[in-house]
Each structure stands twice: as structure tokens, then as C-alpha cells.
Amino acid sequence: MTEGVSNEVGTAYGPVVQARDIHGDVHVHPFPPASPLVERPISGWSARELGVHEAITLDPAASAEPPCYVVRPHDGEIRGLLRDAAGSSSMVVLVGGSAAGKTRAAYEAVRAVAQLGEWPVVRPSGPRQLVELLARGLPPRRVVWLPDLQRRFFDLPHGPAVAEGLADVLGGPGPVLVVGDVWTAHWAALSTVDSPAVRALLDLPQVRMVRIAESFAGAQAELTRCAGLDPRLALAVRTAGAAVTQVLSGGPQLLRHYVDGLHGPRTHAVVTVAMDVRRLGHESAISADVLRAAAADYLDERDRVVTGDWFADALAGATRQHHGIAALTPTRSAPGLGPPDGYVLHDFLDHHARDAREGERPPAGLWNALAEHVTAADDRSRLATAALQRGLYRLAARYAVPAAEAGDVPAMRLLAFLLELRGATAEAHAWTQRTGDLDRTPLPLDLLLDSGGEPEVEPDPHDAVWQLFRLREDEGRDDEALALLRRLAETQPLAVSMLSVRLRRRGLDHEAETLLRAHAEAGDPAAMWYLGEMLRERKEIDEAAGWFRRSAELSLLAVPLLADALADLGRLEEAEEPLLIQTSKGHRLAAKHLAALSERLGRPAEAEARLRVKLEEGGGQGMVRPAEPHWMKLLTDLLDRAGRTDEAEQLRRYGIEPGGTTAAPWELPVRP
């Protein structure tokens, strides 16, 4: 055992532990080397090796081959694009829901295009290996295989460098084919990511996107034929409705077992640990050490009382197969035969967790288990970013140091940022210098607080009536413009509010009120707000306040205006319930205004507690370069206003610890 361990760091040669006194044996577990890059023709890869979901089985002794493949309309489009790629470089991205058949469609398409039959297929293990591959120069006639494109390769710390490397390859002599797949929600996120390099890549004409249908519309005859050949497919057709591919993956059944708690509490805890590990950015197989060390924090006091080998029992439950599918699948990356050295969470559960557990605060035991046992530089770099986004600066440094020593540029930048926070400018500059020519990421971009996903309301610019209305209004032909707006108000809520404003300008208050009441009572939150404004002007306070509250309960667009509107009516405290409703739905904008409201109502301690919770929840922001989390700034500004400037400064420099408390001063465990 060791006494007085002062720090743990990692270098390019492995972990380093500094200690004062050591008694007993010392065991050193070096970082495993990065997986070698493998390339071989598509015929040399199994579907499973390239990321295709394992399918359910009805007979354990039956072949593990993928089910009979049903060719759907999108397959023709994919194969056409791949045939074109044999002549000039291109990137094809398949977009669809979880377990929709994206990777299988890509696998079958490459196999079906004769020109690609002998092209080596290269599957990088992560973004750093991909960037290194692209920087060396990719020989022509190669297929670069990038499953889970956004999560594995385009995460924000690494995405810009990956995007620039891919753009260079696509613009080179080639031909080279890049094949990737991505969840629908992640494709939308990629399209708006705060990285000019990523957006520039996606705008290239060589990058083509294909939507993968959730259903088998247009392929019913082929589905029937294949179901007659494969009993697994026949079962899915009988029981799935439209979700045939999802049932084949076993996802819905696994999700039911998890949600209903049928695994038992300790197995449920182990699976939940795996869910949180993945959503924090760990993409490699999850070690048993992480699952074991973190599980206790996911159990109540009664379930932590155990006898025997509780973890073996829990892991057996998590890896138990249902029709050949398990929540966690054992895997082994080490050479030779032996026990598993990692576990892979089923994609369907992973997808569920990113929505269902968004905003859940990972417990301290999970953060510490990951810091202790995760060795892959890419994983540590992403975990460092996840910790930084949550204000967990000490933990972020602990994750980042080994990754930075292994050459990870985002980790180096993160350490430089943490040093800048405490005024160590020279040391920060030294880390920045170490990035050298690898540091190709654009300048920092401002962070935006997530509004909760509600888009700005704008008229359709292609709608002919809207265009004509704008034209007539610009020409000063107000009567004609008003008539057009009346037509639009019959079907489009935005036109209702605009029409009410123009009616009131003409002194037609009664008609405006009648219009707004009809739409407000039908549930239009914008009409509710405008009606409240009319009533406030007439000093009809009670009804005005009621409409303001109802509007904010339904629409985030009303949230920033609510407190001031009710304060003007002398009813500020009534803003709390609508903001609580919106916050309970996970909307961060409402949470921000709820904290500000608590302070305005003379409850600063409550405001502080709310901000500390939101800071630790993380999310709602993306960082191309490290930056102060939005919630951290709100929290330190609150402390400054309360006269607690010393604590505010300590918080800015050192962050928080799991649980939300301000971290004590700490030192980085390694120098640049």
C-alpha cells in the first residue's frame, strides 16, 4: 500500500505515481498501446467487425450470420454514390435513427459495388488515429470506415482537425471513399456545430447524405421474401410493426428490461454506469474496473448490503442474452485468448440514455473510477472536456494530463486554459506551444446557452402569400397587405400576432382582442402573450397575469419576458410556477431565469443552489476550444453581487467538486 500519495500523472511512457512512503509490493499497469491500424478488403471484414449490430437469435446453435438483407429504396441511392466514388473521391454519410440499419446498409453497399471489392477498408479506432492517418497521406483506392461519425470522430475537441483532414483527402488526387453513419439528431447537431471546419466539410460537393428509412415502405415484397428465408426476420415482421430493424437488434426488449427494473438493482446499476460512461464521452469498451468501482453510487443503502461476489452476479445479469442480445456485450482487445477486457453497451440503450439521463449529475464515484481506470487518450480527452463543461476543473486536469502527454492537442489546450484561469500565463503558453503545427482549430467561438430546442419563429420565405404581403407592405399598400395578413392568420399562428398589432395601430382594438382571445383559448402561446399585453394596458391585472403565466408555461419564447411583465403588475412571485414547469422539462433557458428570479425575490441562497446544480449537470454548450462554462459565469457573478468576491475568484480558478461545492485550491499534477 502507499501512504501520502501526492499525485498521479501519465506520460507518453505510462503512468507516474509520486508517493512519500511505500510499504509492500508495487504493481505498475502501463497504458496499453494504441490498436494497430488494420486494412483489408471488405471480404476480409465481418459485418460485426465493422459495427453492424448483432441480431437476435432463435436457436443458440444457429449461425451468427446477419439476417437476410432486405434491399430498400435507399440502397439503390447508396450504391449509385459508391459506384461514382470509384472514379473520384467522395464521402457518403448515412443518416437515421438508432438501429435503423445504417451500418448494415453501408456494409452491403460496399460489398455490392464490384469496383470496390479489392479496395482496402480502413477502420480507425478514434479521432487521433484518423487524424494521423490523414496527415500521413492516404493512398488512393481506400475505403475509410467511420461508424458513429459524430460521437466517435466529430466530437467537438477533435472534430475540426478531423474535418480539415477529410477535406484535404477529398480534395486530393484520390480516388478515396469515406463512409460514415450518424444518428438523425447528431446530423442536425453537426450541421450547426460551432466549427467552421466541420461546416465547411459538410458543404463540400463531394459529401453526400442519404436518409435511411425507418420502415420498409416500397420493399414489402422483398421483406416478405426474406422473412420466408430467415425465421428471425419473420419474427420481427410479426411483432414489430414498422420497427423491424429495431426488433432484429433486440433493442426494444432490452429497453423494457432496463426501464422496468427486471434485471435486479445491482445489474440495473451496472448498466446505468455504462450509460453514463458513454454519454460523458468514453467510446471504447468499458472496463470491468470502471463498472465495479462506480456501481455503488447508483444504489441505495439497502441494495449496497451484499454477500458473495455481487459484481460477478450483476455482470452476469447485464451480459445475459435475450434471444442472443445483451445489454452489455463482452469483448477482448488484448491479443490472444483470455477473459473479456471490456464491455460494449447496446446501441439502443445508449441512444435511450442520451435523452432519458440528460441533465443527470454523474456521481463522484463515477468520475473517480474513470480517472483511475481509463487509459485511452481519446477517451480521457473527451472526459476532460465533459468535466470542464461541468466546472469540475480538478477532474478535468486529471483526465487531460495523460492524454496531453500522449500528444492529444485538445487536452493540451485544456491544460493551458486551466493554467490561464489561475494566472500561470507562462506555463499556459508552454502547453500551447507544444501543440505546434497540430493546432489547426479555429479561434474560440462564443458559447450560447441552449434555449431548449425551440426554434425561432419565422415565416416561410418561400410562401407566396407571405412574399406578396411583404411586398405590399413595403409599397405602402396597407389595405391590401392587411387583407393578405388576414388570409395568413387563418392557418399560421405567427400571422395572428402580426395581424393583432396592425389592427391596433388602426384603432381596431375590439377586433384585435376578439382575434387574440379566439387563438389564445385555442392554445396559441403568442396570442396569449399579446392578449396579456392588451389587458395590462387596460389595468386588468388578474387576467393579464394569467395569460402571461400560461404563455410562458407553453413557450420558451415567453420565458425571458415573464419576470419583467409580472413585476410591472406587482406579481413577480407568480413567475415562479411557469419557470418551474419549463425547467422540469429540461429547458436550460428557463432554469437560468428561475435562478435569476430567486435572486430578485430575495432568495440568493436558493439561486446559488440552482446554479450549482445546473453547472454540474453540464450540457447545452459545445466547446471548440476550452472556455468558461456559461453556468460558472452566472454563478460567480451572483457571488460577486453578494459581496463574496473571494469565493467567486476561487470558483473561477479552481471550479467545483462533484456535489457542487467550491473546490479547494489545487495544483496541476504535471508541468509542461
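Because the structure is a prediction, the values reported are computed rather than measured.
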- Task: Count the heavy atoms of every other residue, nucleotide or ligand shown that sit under 6.0 Å from CG of Asp203, and state whether that count exceeds 12.
- Result: yes
- Pairing of Arg603 and Glu599 as salt bridge, 4.0 angstrom limit: no
- Item | NZ or CZ of Arg422 within 45° of Trp666 ring axis and under 6.0 Å | yes
- Mind listing the closest non-hydrogen atom pair of Met632 and Gly655 along with its distance? CE-CA, 3.8 Å
- Query: Salt-bridged, Arg278 to Asp347, with N to O below 4.0 Å?
  - Reply: no
- Message: If I take atom CD from residue Glu543 and atom CG from residue Leu531, how far apart are they, to the nearest 0.5 angstrom?
- Response: 6.0 Å
- Minimum heavy-atom distance Leu562-Ala552, with the two atoms named: CD2-CB, 3.6 Å
- Task: Go through the steps for Glu358 and Arg588 under the test salt bridge (Lys or Arg N to Asp or Glu O under 4.0 Å), then give the verdict.
- Result: CA-CA 12 Å; Glu358 183 185 18; Arg588 299 176 185 91; 2.6 Å; yes
- Distance in Å, Trp183 CH2 paired with Leu149 CG, rounded so as to fall on 0.5 Å steps: 13.0 Å
- Message: Given 3.5 Å as the limit, does a donor-acceptor pair link the side chain of Asp289 with the main chain of His373, or not?
- Response: no
- Task: Could you tell me whether a side-chain N or O of Glu576 sits under 3.5 Å from a main-chain N or O of Leu594, the two making a donor and an acceptor?
- Result: no
- Kindly compute the distance separating CZ (Phe153) from OG (Ser125), expressed to the nearest 0.5 Å. 7.5 Å
- Answer yes if the side chains of Arg292 and Ser287 hold a donor-acceptor pair under 3.5 Å, and no otherwise. no
- Decide yes or no for Leu572 and Leu597: does some side-chain heavy atom of the first lie under 4.5 Å from some side-chain heavy atom of the second? yes
- Message: Can a donor-acceptor pair be found, under 3.5 Å and without considering hydrogens, that links the side chain of Ser555 to the backbone of Pro525?
- Response: no
- Message: Is the shortest side-chain heavy-atom distance between Thr432 and Met412 below 4.5 Å?
- Response: no
- Quick one: do Gln582 and His593 satisfy side-chain contact (heavy atoms from CB on, under 4.5 Å)? Show the steps, please. CA-CA 10 Å; Gln582 290 285 19; His593 285 275; over 6 Å; no
- Say whether, by atom type as modelled, one donor and one acceptor occur between the side chain of His268 and the main chain of Tyr258 under 3.5 angstrom. yes
- Message: Between Arg382 and Glu283, does any NZ, NE, NH1 or NH2 come within less than 4.0 Å of an OD or OE carboxylate oxygen?
- Response: no
- Query: Salt bridge or not for Arg571 and Asp542, using N-O below 4.0 Å?
  - Reply: yes
- Item | Distance in Å, Ser284 OG paired with His282 NE2, rounded so as to fall on 0.5 Å steps | 5.0 Å
- Backbone of Val401 reached by a side-chain donor or acceptor of Glu405 within 3.5 Å: no
- Query: Under the side-chain contact (heavy atoms from CB on, under 4.5 Å) criterion, do Val162 and Leu146 qualify, and how do the steps go?
  - Reply: CA-CA 11 Å; Val162 168; Leu146 305 179; 5.8 Å; no
- Ala400 backbone acceptor or donor facing Arg380 side chain under 3.5 Å: no
- Would you give the length of the straight line joining atom CG of Asp568 to atom CD1 of Ile541, rounded to the nearest 0.5 angstrom? 9.5 Å
- Task: Check whether any side-chain heavy atom of Leu388 lies under 4.5 Å from a side-chain heavy atom of Thr385, and answer yes or no.
- Result: no
- Message: Do Arg152 and Pro127 have side chains that approach each other closer than 4.5 Å (heavy atoms only, starting at C-beta)?
- Response: no
- Heavy-atom closest pair (Met275 atom, Ala353 atom, distance to 0.1 Å) is CB-CB, 3.6 Å
- Query: Do Pro560 and Leu589 touch side chain to side chain, with heavy atoms closer than 4.5 Å?
  - Reply: yes
- Task: Give the intermediate values and the outcome of salt bridge (Lys or Arg N to Asp or Glu O under 4.0 Å) for residues Glu657 and Arg394.
- Result: CA-CA 8 Å; Glu657 296 289 358; Arg394 183 184 61 81; 2.8 Å; yes
- Decide whether Thr645 and Asp640 meet the rule of one side-chain donor and one side-chain acceptor closer than 3.5 Å. no
- Judged by atom type as modelled, is there a donor-acceptor pair below 3.5 Å linking the side chain of Ser381 to the main-chain atoms of Ala377? no
- Query: Which is it for Arg610 and Thr583 under the side chain to side chain donor-acceptor pair (under 3.5 Å) test, yes or no, and what are the steps along the way?
  - Reply: CA-CA 11 Å; Arg610 292 187 189 281; Thr583 300; over 6 Å; no
- Task: With side-chain contact (heavy atoms from CB on, under 4.5 Å) as the test, would you mind laying out the steps for Leu280 and Arg390 before giving the verdict?
- Result: CA-CA 11 Å; Leu280 290 177; Arg390 292 162 172 80; 3.7 Å; yes
- Item | CD/Glu577: more than 12 non-hydrogen atoms of other groups inside 6.0 Å | no
- Query: Is any NZ, NE, NH1 or NH2 atom of the basic residue among Arg550 and Glu553 found under 4.0 Å from an Asp or Glu carboxylate oxygen of the other?
  - Reply: no
- Item | All salt bridge (charged side-chain N to carboxylate O under 4.0 Å, His left out) counterparts of Arg279, not counting sequence neighbours | Asp276
- Query: How far apart are the C-alpha atoms of Asp350 and Arg354, what are their side-chain angles, what is the distance that settles it, and do they pass the salt bridge (Lys or Arg N to Asp or Glu O under 4.0 Å) test?
  - Reply: CA-CA 7 Å; Asp350 187 359; Arg354 291 172 193 265; 2.7 Å; yes
- Report the C-alpha separation of Tyr393 and Arg652 in whole Å, then their side-chain angles, then the decisive distance to 0.1 Å, and conclude whether the side-chain contact (heavy atoms from CB on, under 4.5 Å) test is met. CA-CA 10 Å; Tyr393 294 166; Arg652 289 188 186 96; over 6 Å; no
- Note on the structure: Smallest heavy-atom separation, Ala527 atom then Ser497 atom, equals N-OG, 4.3 Å
- Lys592 vs Lys614 side-chain heavy atoms within contact, under 4.5 Å: no
- Query: Ignoring hydrogens and geometry, is there a side-chain-to-backbone donor-acceptor pair from Tyr399 to Leu370 under 3.5 Å?
  - Reply: no
- Glu608 bridged to Arg644 by N-O distance under 4.0 Å: yes
- Query: Within a strict 4.5 Å, meaning less than it, do heavy atoms of the Val277 and Leu366 side chains meet?
  - Reply: yes
- Pairwise ring-ring contact (aromatic ring centres under 6.0 Å, His included) hits with a residue in residues 546-566, at least two apart: Trp529-Phe548
- Item | Donor-acceptor pair, side chain of Arg398 and main chain of Ala371, under 3.5 angstrom | no
- Query: Side chains of Tyr654 and Thr662: closer than 4.5 Å at any heavy-atom pair?
  - Reply: no
- Query: Do you know which two heavy atoms are closest between Gly165 and Leu134, and how far apart they sit?
  - Reply: C-CD1, 3.5 Å
- Hey, are Asp637 and Lys633 close enough for a salt bridge, meaning a charged N less than 4.0 Å from a carboxylate O? yes
- Donor-acceptor pair, Glu616 side chain versus Gly660 backbone, under 3.5 Å? yes
- Message: With rounding to the nearest 0.5 angstrom, report the CG to CG distance, Leu255 to Leu349.
- Response: 6.0 Å
- Minimal non-hydrogen separation, Ala274 against Leu328, with atom names: CB-CD2, 3.7 Å
- Query: Should Glu649 and Arg653 be marked as a salt bridge (Lys or Arg N to Asp or Glu O under 4.0 Å) after you check the CA-CA gap, both sets of side-chain angles, and the distance that decides it?
  - Reply: CA-CA 6 Å; Glu649 185 58 26; Arg653 287 170 172 259; 3.1 Å; yes
